[in-house]
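Heads up, the thing below is written out as structure tokens.
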Protein chains: 2
Amino acid sequence: MTQPDTAPNEPPKPKRLSSEARRQDFINQAIEFFAEEGFESSTRGLAKKLGVTQPLLYRYFPSKSDLISEVYDAVYVKRWQPEWEPLLRDRSRPLADRLNTFYNVYTNAIFNREWMRIFLFSGLKGVDINRRYMQLVRQRILEPILIEARVEFGLPDIPPKDCEVEFVWVMHGGIFYYGVRDLIYESAISTDKERVIADAITAFMAGLEIKLNRPYQT
Amino acid sequence: MTQPDTAPNEPPKPKRLSSEARRQDFINQAIEFFAEEGFESSTRGLAKKLGVTQPLLYRYFPSKSDLISEVYDAVYVKRWQPEWEPLLRDRSRPLADRLNTFYNVYTNAIFNREWMRIFLFSGLKGVDINRRYMQLVRQRILEPILIEARVEFGLPDIPPKDCEVEFVWVMHGGIFYYGVRDLIYESAISTDKERVIADAITAFMAGLEIKLNRPYQT
DNA sequence: AATTTAATTTGTCATTCGATAAATAAGCAA
DNA sequence: TTGCTTATTTATCGAATGACAAATTAAATT
């Protein structure tokens with residue numbers, strides 16, 4: 001159980017975390033705290049959760065809103081995986097397969113209580129990073145899906161129409177809202193996430209084929 | 001422009017609203033206020049919007065949380081229309097038609113900034129009325145849709161399976177999330193609500209037919 | 001061990017919060 | 001008008017809030 005504090009001739013293990021590591025620890029716990037209590041909750045409540053006094057927070061963050069910005073950054077930016085887009089664009093596999101894989105890994109990243117609640121809280125606050133996230137989803141996920149679909153259906157490679165993007169959004173939103181029901185409202189019925197995703201994609205692909213093959217509609 | 005205050009031999013028009021009418025006016029403005037600012041916002045801010053002083057609120061409502069309960073009631077309960085369910089069950093029309101009509105009138109009722117924001121705020125607070133609303137949607141909308149679908153597809157009339165309800169939830173949630181994007185995130189692309197709904201229902205019906213005709217899957 | 005540096009706490013501030021009591025103003029009935 | 005009732009404001013309480021300065025403790029360095 002016990003480990004030597006340090007090997008011979010090595011620098012002694014610091015008893016404290018580095019300033020940066022401690023800061024990160026504060027941010028991680030702040031994610032949990034604000035996700036549960038909302039961003040209006042007090043810095044004293046957070047300090048209590050951290051086991052420190054409230055003024056200490058101001059040693060690590062200039063203000064409450066700076067701390068909140070770091071929380072946003074840790075949740076929105078750092079949990080986004082760049083490999084998601086190439087996964088969707090891998091034409092060696094049928095699009096339905098790619099969609100199933102993608103939505104399983106994507107929801108593995110975002111279907112947790114902290115992420116979901118922070119997303120909803122920040123959306124209600126109307127913060128800019130929320131808007132940027134929605135644009136990221138559109139550009140890196142939804143529009144690539146439409147481009148891949150046109151290729152798979154043998155249709156000409158023209159840019160997606162707005163109402164087509166909207167159609168992908170509805171599928172995406174349906175899956176997303178399943179996560180909201182599961183993790184926020186705790187009212188999901190089936191917890192078989194893979195099955196829910198597979199069914200949503202089946203309907204989406206069927207609907208998309210109908211939709212894309214009606215060129216006379218705007 | 002000017003009107004006589006009262007006709008002869010009629011009781012004089014009261015210069016003040018009745019106590020109950022004033023109370024209702026306060027509730028209606030409180031809906032706007034809390035929808036925009038969140039339930040954590042101060043009673044002083046609300047009083048300012050009402051053009052009265054803050055202690056006056058305590059003449060009409062015993063406490064802030066009582067006022068909030070009245071807001072919930074006005075939004076969740078009083079805006080629910082009982083005729084929605086019979087509309088879905090009207091077998092003289094094809095189910096896809098009924099779904100289109102229903103989702104157009106349903107979204108007319110709930111796709112407004114106040115309703116949406118109050119729903120999201122209360123969901124994050126985990127209040128009981130939110131849970132009850134989700135059950136209402138399931139029992140009065142989603143399960144009836146599944147029953148009607150089985151009839152239309154000529155399938156035996158057995159109770160809906162959980163994963164089937166989940167499938168309807170995903171369609172419902174996709175449409176709902178379109179409203180969230182439009183009214184909360186203000187990131188909706190197309191504002192042609194009817195079209196978005198029609199496309200969602202096309203995909204849903206196609207997917208549902210596939211799903212219900214695979215009896216060997218649980 | 002002595003000294004320096006960084007981490008943390010104590011104490012406190014001005015402001016804002018929900019709520020109450022008492023004073024005032026406005027409408028109504030006689 | 002006069003008196004009564006209700007509506008509204010003024011003044012205030014205690015608690016909680018974000019933030020700051022100074023004092024204290026603990027670790028690291030010499």
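Only a predicted model underlies this, so the values are computations on that prediction, with no experimental measurement involved. Lettering of chains follows the sequences in order, A, B, ..., and the numbering in each one begins at 1.
Annotation: side chain of Y177(B) is not in contact with side chain of V170(A) (no heavy-atom distance under 4.5 Å). Taking 4.5 Å as the limit, some side-chain heavy atom of L56(B) sits within range of a side-chain heavy atom of F26(B). You'll find the side chain of T43(B) stays beyond 4.5 Å of the side chain of L67(B), heavy atoms only.
For T101(A) and R93(A), the side-chain atoms include at least one donor-acceptor pair closer than 3.5 Å. A donor and an acceptor atom, one from each side chain of N130(A) and Y76(A), are located under 3.5 Å apart.
Side-chain nitrogen and oxygen atoms of S19(B) include at least one within less than 4.0 Å of the OP1 or OP2 phosphate oxygen of dA7(D). Within the 4.0 Å cut-off from OP1 or OP2 of dA6(C), not a single side-chain nitrogen or oxygen of R22(A) is found. The phosphate of dC20(D) has neither OP1 nor OP2 within less than 4.0 Å of any side-chain N or O from Y58(A).
The side-chain tip of K125(A) points at the ring of F39(A) from less than 6.0 angstrom away and within 45° of straight on.
Protein atom OH of Y60(B) is 18 Å distant from nucleotide atom C1' of dA19(C), rounded to whole Å. Atoms CD (Q54(B)) and P (dA7(D)) sit 18 Å apart, rounded to a whole Å. One can place CZ of F61(B) at 15 Å from C1' of dG18(C), the figure rounded to the nearest angstrom. Atom C1' of nucleotide dA7(C) and atom CD of E20(A) are separated by 15 Å, given to the nearest angstrom. Atom CG of D66(A) and atom P of dG18(D) are 14 Å apart (whole Å). As a whole-Å value, the separation of R59(A) CZ from dT5(C) C1' is 10 Å. Distance, L50(B) CG to dA7(D) P: 16 Å, rounded to whole Å. Look at NZ on K64(B): it is 13 Å from C1' on dA16(D), rounded to the nearest Å.
A donor-acceptor contact shorter than 3.5 Å links the side chain of N100(B) to the backbone of A96(B).
In the set dA19(D), dT9(D), dA19(C), the nucleotide with an atom closest to the side chain of S63(B) is dA19(C). Residue L56(B) places its side chain closer to dT8(D) than to any other of dT8(D), dA19(D), dT8(C).
A ring-centre distance under 6.0 Å is found for F119(A) and Y133(A).
Using cut-offs of 30° and 60° for the angle between ring planes, the Y178(B) and F111(B) rings count as tilted.
Of all the residues in residues 35-47 of chain A, R44(A) reach under 4.0 Å from DNA chain C with at least one non-hydrogen atom. Near-neighbour residues of DNA chain D inside residues 26-33 of chain A, defined by a heavy atom below 4.0 Å, are absent.
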